[in-house]
Engineer: 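The structure follows.
These numbers were taken from a predicted model, which means no experiment stands behind them. One is the number of the first residue; the rest follow in order along the sequence.
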Amino acid sequence: MRYGFILFLFFTFSTYSQDKEIDSLKRVLVEYEKVSNVRNDTLRILTLQRIANYYITVKPDSAIGFAQKSIASCLKSIDYEKFLDKSYLILGVAFATKGFHESAIPTYYKALTFAQKYKHLSYIGQCYKFIGDSFFLRNLFTKAEENYKDALRSYQILGDTLNAIDMYSLLGNVYFSQKNYKKSYSFYSKGNDKANIGLSLIYLGQEKQGLEIVTTELKKMKLSKNDFQIVLLNQSISEYYKINQQLNKSNTYAIEGFNLAKKNNFQNEQMIISDILFQNYEKLGNEEKTLKYLKVHQNLMKIITDESQKELINSLKFEYDLRTNQEELQNTTANLKSETQSKSYAIGIALLLVALLGLIIFNYRQTNKSKQLIEDKNHKLQSAQNELTELNQNLEQKVTERTSELQQANQELTQKNQEIVEAMFKGQTFERKQVAAELHDNLGSQLSAMRWSILAMNKATMNVNEREIYDNVLSMMDESYNQIRNISHNLLPEELEKEGLQKAIEKLIYKLNRNQSISFSLNFNEYLIPLSSSIALEIYAIILELVNNITRHSKASKASISFSNINQNLSIEISDNGIGLNPTHFEEGIGFRNIKERTSKIRATVEFKNQNGFHAIITV
């Protein structure tokens, strides 16, 4: 179905005030042309646009003339470029109204160029919409679809819901014309275009539902006396029934559409519908009506063809006149520029000669004064140089003194920071000692006392279940006591505090090999780099955390700890031959977070690998 396209108007006027408004605008335009300044030139361009826009539907030729004047005014200065998109858009619509689509399309593209440059989203959408209209009317449906979609995107970005809905209907027309009724139905639905929704349903085979919708819309159109849309709707339904060989139904809708088109002198629609009636009656064998509508169709085709030829001739003549006027305007503009340049050169030369003469006289008068002034300035300059030299010397001395003060302050600050770090470490060490003592002396003593109390019980008087519970309790208490001893020892090993990291690690490995099923090996490849007490304690805690994870989760039979010096850095590698650790579970655990915090504290890095067992590399 091909609905008529209503050209967009930038301004609307009531019927009563149209002529009055235009006369007023023309009078104002004359006033603006008398004096050229920014305000008047801007108002002149806007007024030309308003007048051109008004003439689009009543006098398209006048609309073209005023639109071209507004474009010429805009091109006088780059300051007015921002108005060009609107001027070109009005000119394109005027061309389209005349049927000059070959001229309209490039004009729309010029408007689009300036609308995009100045980010006028509303005009960008209108440009794409009008370009799509021109392509659609020439049956270039792919091009029409591309431009309608670009227009839709512009309106969606702008938040212009009404124009976006209109674009859905236009896209529906594109797909309907290509007989893609599923897509046309989808887009008509988005545009809430009920009449076309009904038509799409009819062509999709849902005739009953589609006819109900179309019938309802026809009634609404008749109430609103929208004769053109009624004609188009009857034409489309009759075409559907003709395709499906329901010729009598096709004729019913075709005759109603034909009579209304004849009443309103819609010649193109009369020609299309008379062709449908001619073919239908020919198939039905009704020679009288076949001949009647064949004659009507041929007469209308001749009339429309003659008018098209006249329109083509007028179009060619108009385009010739337009090019001629443009060439004359360009030549006139070039001559004016040339004359203006010549006058400017003459005036410039005269002014230059006057300026040179005045300069010579002025220089002659000033020569003697200049000599005295130069001598005075030289004397002052010498005095200023002497003062500057003295100031520089004083400044250098002050800079040296200030630099020395800053260096001393920096040394004091560094020493204070070191004292704070040592104090924090001493505090942490003291706290660790207290916690270890509390665990060993208090909790350990209580567990020992509880164990002796249980041992005082007479095992011989117990039954089998009670003896089993008795033995389990003793075993758990022994294990808990050993764990408390290990925790209190590991919080601050005596060996670490007294003999350093190497001895503490050796003692740890000795205990592990004595109590665990895993065989641990220890290797100091080189002389261990001296470390501060705080760093040594953090490294010991990291190694202890990793070793605990190996003994609990690795299912390994062998594990190793290796120390080496690489590029003045201490590298510690801990590995086993077990199943490795689940990276997700490990990284989510408290132990992993503790390790990360400790390495960050001493500016170390740690790398984990799961390859033939678990590997961790710590670099300090």
Engineer: When rounded to the nearest 0.5 angstrom, what distance separates CZ in Phe136 from OG in Ser177?
Structural biologist: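 Output value for this atom pair is 3.5 Å.
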Engineer: Is Ile566 close to Ser564 at the side-chain level, that is, under 4.5 Å between some pair of heavy atoms?
Structural biologist: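 Yes, side chains in contact.
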Engineer: Should Val606 and Ile542 count as side-chain neighbours, where that means a heavy-atom distance under 4.5 Å?
Structural biologist: no
Engineer: Which atom names give the shortest non-hydrogen contact between Phe83 and Gln49, and what distance separates them?
Structural biologist: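 So the minimum-distance heavy-atom pair works out to O-NE2, 3.1 Å.
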Engineer: What residues, two or more places apart in sequence or in another chain, satisfy salt bridge (Lys or Arg N to Asp or Glu O under 4.0 Å) together with Asp471?
Structural biologist: Lys459
Engineer: Arg467: what forms a salt bridge (Lys or Arg N to Asp or Glu O under 4.0 Å) with it, not counting sequence neighbours?
Structural biologist: none
Engineer: Starting at CG of Leu512, measure out to CD1 of Ile561 and round the result to the nearest 0.5 Å.
Structural biologist: 7.5 Å
Engineer: Please enumerate all residues that pass side chain to side chain donor-acceptor pair (under 3.5 Å) together with Lys117, with sequence neighbours excluded.
Structural biologist: Glu81
Engineer: My understanding is that only residues two or more places apart in sequence, or in another chain, count here; which of them pass side chain to side chain contact (heavy atoms under 4.5 Å, CB included) with Ser73?
Structural biologist: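 Per chain and number, Ser73 pairs via side chain to side chain contact (heavy atoms under 4.5 Å, CB included) with Arg44, Ile45, Leu48.
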Engineer: Tyr168 and Gln156: which non-hydrogen atoms are nearest, and at how many Å?
Structural biologist: OH-NE2, 3.2 Å
Engineer: Report the C-alpha separation of Tyr108 and Asn147 in whole Å, then their side-chain angles, then the decisive distance to 0.1 Å, and conclude whether the side-chain contact (heavy atoms from CB on, under 4.5 Å) test is met.
Structural biologist: CA-CA 12 Å; Tyr108 290 144; Asn147 285 280; over 6 Å; no
Engineer: Please find the pair of heavy atoms, one from Ala144 and one from Gly132, that lie closest to each other, and give the distance.
Structural biologist: CB-O, 3.5 Å
Engineer: Pick from Ser200, Ser189, Ser169: which one makes a side-chain hydrogen bond (donor to acceptor under 3.5 Å, both in side chains) with Ser184?
Structural biologist: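 So, applying the side-chain hydrogen bond (donor to acceptor under 3.5 Å, both in side chains) to Ser184 and each of Ser200, Ser189, Ser169, only Ser200 qualifies.
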Engineer: Using a 4.5 Å cut-off on heavy atoms from C-beta on, say whether the side chain of Thr113 contacts that of Tyr88.
Structural biologist: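 The answer is no, as the side chains (C-beta and beyond) never meet within the 4.5 Å cut-off.
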Engineer: Is the shortest distance from a Lys or Arg side-chain nitrogen in Glu597 or Arg593 to a carboxylate oxygen in the other one below 4.0 Å?
Structural biologist: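 Here Glu597 does not pair with Arg593 in a salt bridge, since their nearest N and O are not under 4.0 Å apart.
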Engineer: Out of Ile618, Ile617, Thr619, which residue meets the side chain to side chain contact (heavy atoms under 4.5 Å, CB included) rule with Thr605?
Structural biologist: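 Among Ile618, Ile617, Thr619, the one meeting side chain to side chain contact (heavy atoms under 4.5 Å, CB included) with Thr605 is Thr619.
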Engineer: A side-chain contact here means heavy atoms from C-beta on lying under 4.5 Å apart; do Asn196 and Phe176 qualify?
Structural biologist: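 They are not in contact (no side-chain heavy atoms under 4.5 Å apart), so the answer is no.
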Engineer: Quick test of your reading of the model: are Arg138 and Glu102 salt-bridged, counting only N-O distances below 4.0 Å?
Structural biologist: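 Counted as a salt bridge, because a side-chain N and a carboxylate O are separated by less than 4.0 Å.
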Engineer: Does Glu506 have any side chain to side chain contact (heavy atoms under 4.5 Å, CB included) partners at least two apart in sequence or in another chain, and if so, which?
Structural biologist: Gln502, Lys503, Leu522, Phe524
Engineer: Just jot down the side chain to side chain donor-acceptor pair (under 3.5 Å) partners of Ser560, sequence neighbours excluded, or say none.
Structural biologist: Ser575
Engineer: Among residues at least two apart in sequence or on other chains, which ones pass side chain to side chain donor-acceptor pair (under 3.5 Å) with Asp576?
Structural biologist: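 With neighbours one apart ignored, the set is empty.
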Engineer: Counting neighbours of OH on Tyr118 that are heavy atoms of other residues, nucleotides or ligands and sit closer than 6.0 Å, is the number greater than 12?
Structural biologist: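 It does: Tyr118 OH has more than 12 such atoms within range.
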Engineer: Kindly write out the residues that satisfy side chain to side chain contact (heavy atoms under 4.5 Å, CB included) with Leu43, not counting sequence neighbours, or none if the list is empty.
Structural biologist: Tyr32, Arg39
Engineer: Report the residues that fulfil salt bridge (Lys or Arg N to Asp or Glu O under 4.0 Å) with Asp150, sequence neighbours left out, ordered by chain and then residue number.
Structural biologist: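 Result, salt bridge (Lys or Arg N to Asp or Glu O under 4.0 Å) vs Asp150: Arg153.
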Engineer: Could you name each residue pair satisfying salt bridge (Lys or Arg N to Asp or Glu O under 4.0 Å) that touches residues 559-571, not counting sequence neighbours?
Structural biologist: none
Engineer: Is the positively charged end of Lys182 above the ring of Tyr185, judged by distance under 6.0 angstrom from the centroid and angle within 45° of the axis?
Structural biologist: no
Engineer: With sequence neighbours left out, write down each residue that passes side chain to side chain contact (heavy atoms under 4.5 Å, CB included) with Leu121, or none if nothing qualifies.
Structural biologist: Ile124, Ile157, Leu158
Engineer: Applying side chain to side chain donor-acceptor pair (under 3.5 Å), can you list everything that pairs with Asp160, at least two apart in sequence or on another chain?
Structural biologist: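 In terms of side chain to side chain donor-acceptor pair (under 3.5 Å), with neighbours along the sequence ignored, Asp160 is linked to Asn163.
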Engineer: Can you find a heavy atom in the side chain of Tyr123 that is under 4.5 Å from one in the side chain of Phe114?
Structural biologist: no
